[in-house]
Amino acid sequence: MRALVTGGCGFIGSHVVRSLIASGWAVTNLDCLTYASNPGNLADVAGNPRYTFVHGDICDFDLARNLVDKADVVLNFAAETHVDRSLLDPLVFVRTDVEGVVSLLEAVRHAPQARLVHMSTDEVFGSLPLGIEAAEDAPFAPTSPYSASKAAAELQIRAYAATYGLPITVLRCSNVYGPGQHLEKFIPLFTTRALAGEELPLYGDGRQEREWLFVEDLLSAVGVVLADLPVAPGAHAVHIGSGERLPNIEVAGRICDLAGASRSLIRPVFDRPGHDRRYALDCANLRARGWAPRVPFDEGLSRTVRWYADQAATWSHSADNDFAAYLDRQYSARLSAVEEFGS
Ligand code: NAD
Ligand code: TDX
């Protein structure tokens with residue numbers, strides 16, 4: 001089987017590429033190598049005869065069409081993914097996360113053999129009250145430019161599925177973590193800063209809840225989905241979450257403990273505007289297909305912190321000028337403010 005994986009040099013995409021290659025697939029990875037990519041993530045498969053890398057943009061329709069024509073399955077992981085950056089620079093999110101998806105939809109429309117599997121997020125539902133889990137048919141209520149773009153892409157997918165009779169799979173995933181995630185995200189940022197003895201900028205009161213899924217459990221879910229792709233026209237949503245929902249302040253504390261750092265490094269700072277309090281996915285349908293997460297959060301977090309500790313030579317924050325500038329823009333004022341934001 002031939003897969004076109006987009007965004008394969010990013011965090012999740014690189015794990016998916018490696019896993020597909022290991023399962024015997026031929027994989028073409030289309031990635032335009034934004035700041036979030038790390039081609040080094042795939043150093044171990046780069047020489048594999050079943051692996052091809054194409055440096056290009058999913059918004060380039062001619063390129064997308066050419067590659068989709070040669071694929072049995074198209075897995076779209078290419079995206080702008082960081083909520084904080086979507087608050088600073090929303091336009092690029094609309095371009096990649098909406099226009100890029102329409103470009104792939106157009107390509108798939110002209111390639112009847114190719115099945116599209118698109119990666120979406122639990123964030124399309126916005127913040128959920130305690131006790132509520134979002135089922136696959138729950139209404140969208142996105143609150144950030146990132147989540148609004150992901151929801152908009154899903155609406156385009158629904159429209160294409162209905163208009164052109166395409167069977168499309170939409171994966172909606174909770175927060176994924178594990179080795180190889182960009183340092184800007186919560187767990188890598190707090191881990192690397194804790195290892196370096198730096199303050200950990202916890203937004204607001206730190207009581208926001210996220211549902212943490214270890215990346216290996218996402219891979220097994222993708223395997224279940226690929227083994228039984230739908231044939232009926234429609235947008236078929238699949239929820240993938242661990243059920244392990246924790247407040248950020250608790251996760252920050254556990255990271256400190258695993259990194260051998262003092263919890264006093266945790267520093268409540270000015271909140272993320274529009275910050276969603278709680279996400280929770282109802283994953284009963286995927287579980288009914290035989291899938292279950294296998295890596296408990298404590299084990300996954302411990303493995304992740306160890307991985308970043310082992311990689312310390314490669315992630316010096318100040319060595320990457322663009323990332324240093326981003327950290328300065330995002331955190332300097334927050335960390336130098338004298339007010340107490342936690343309570
Ligand atoms: P990431 O930011 O680590 O990687 C994104 C990759 O896409 C990068 O390699 C980047 O170069 C590439 N890319 C960006 N724009 C592109 C374009 N226009 N054309 C081609 N390539 C492009 O992302 P991730 O965390 O691995 O997330 C992958 C997908 O999963 C995204 O759709 C994201 O919305 C979704 N998702 C992520 C999480 C999570 O916790 N990481 C949770 C739910 C859903
Ligand atoms: O410095 C920080 N301080 C902090 O308190 C950062 C970076 C984050 N946080 C909080 C915000 C969130 O409540 O930690 C939580 C997790 O933050 P992120 O890692 O930025 O993830 P989130 O906003 O939940 O979005 C992630 O999960 C869903 C991914 O980035 C998305 O791509 C995915 O769709």
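We count ligands from 1, going down the list as the structure has it; atoms in each ligand are counted the same way. Fair warning: this is a prediction, and the values are worked out from it, not measured in the lab.
Of the N or O atoms in T96, one or more lie within a sub-3.5 Å distance of an N or O in ligand 1. Every N/O-N/O distance between E80 and ligand 1 stays at or above 3.5 Å. Close N/O approach between N175 and ligand 1 is not found [any backbone or side-chain N/O within under 3.5 Å]. Checked against a 3.5 angstrom limit, the closest N/O atoms of A36 and ligand 1 fall outside it. In terms of N/O distances under 3.5 Å, ligand 1 is approached by K150. Not a single N or O atom of D276, backbone or side chain, sits closer than 3.5 Å to an N or O atom of ligand 2. Every N/O-N/O distance between K185 and ligand 1 stays at or above 3.5 Å. On a distance-only criterion, I12 and ligand 1 share at least one N/O pair closer than 3.5 Å. In terms of polar-atom proximity, defined here as any N/O pair under 3.5 Å, C59 makes no such contact with ligand 1.
Close approach of ligand 1 to F77 (heavy-atom distance below 4.0 Å) involves ligand atoms 28 (C), 29 (C), 31 (C). Atoms of ligand 1 lying under 4.0 Å from any heavy atom of G56, numbered from 1 in the order shown and given with element: 19 (N), 20 (C). Short contacts between ligand 2 and K185, defined as distances under 4.0 Å to a heavy atom of the residue, involve ligand atoms 19 (O), 30 (O). Listed by number with element, the atoms of ligand 1 under 4.0 angstrom from any heavy atom of S174 are 42 (C), 43 (C). For ligand 1, the atoms lying closer than 4.0 Å to a non-hydrogen atom of S120 are 43 (C), 44 (C).
Counting heavy atoms closer than 4.0 Å to ligand 1, residue Y146 contributes side-chain atoms (C-beta onward) but none from N, CA, C or O. If you look at L33 next to ligand 1, the close heavy atoms, those under 4.0 Å, all belong to the backbone. Of the heavy atoms in T81, only side-chain atoms (C-beta onward) come closer than 4.0 Å to ligand 1.
With 3.5 Å as the limit, one finds no donor-acceptor pair spanning the side chains of Y331 and R267.
Of the candidates G204, P268, A252, P201, P201 brings a heavy atom nearest to atom 3 (N) of ligand 2.
For the pair Q330 and ligand 2, no heavy-atom separation below 4.0 Å is found. The closest approach between H182 and ligand 1 stays at or above 4.0 Å for every heavy atom of the residue. Note on ligand 1: G8 sits outside its first shell, no heavy atom being nearer than 4.0 Å. A heavy-atom separation below 4.0 Å is found between E184 and ligand 2.
For F270 and H275, the ring centers are positioned 6.0 Å apart or more.
A71 and A114 get closest at one heavy-atom pair: O-CB, 3.5 Å.
Within 6.0 Å of CZ on R50 lie more than 12 heavy atoms contributed by other residues, nucleotides or ligands.
Here the heavy atom of the protein found nearest to atom 30 (O) of ligand 1 is M119 CG, 3.0 Å. For atom 10 (C) of ligand 1, the nearest non-hydrogen atom of the protein is T34 OG1, 3.3 Å.
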Worksheet item: Could you walk me through whether T34 and S37 pass the side-chain hydrogen bond (donor to acceptor under 3.5 Å, both in side chains) check?
Response: CA-CA 6 Å; T34 70; S37 67; 5.1 Å; no
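A search for side chain to side chain donor-acceptor pair (under 3.5 Å) contacts involving H15 returns nothing, not counting sequence neighbours.
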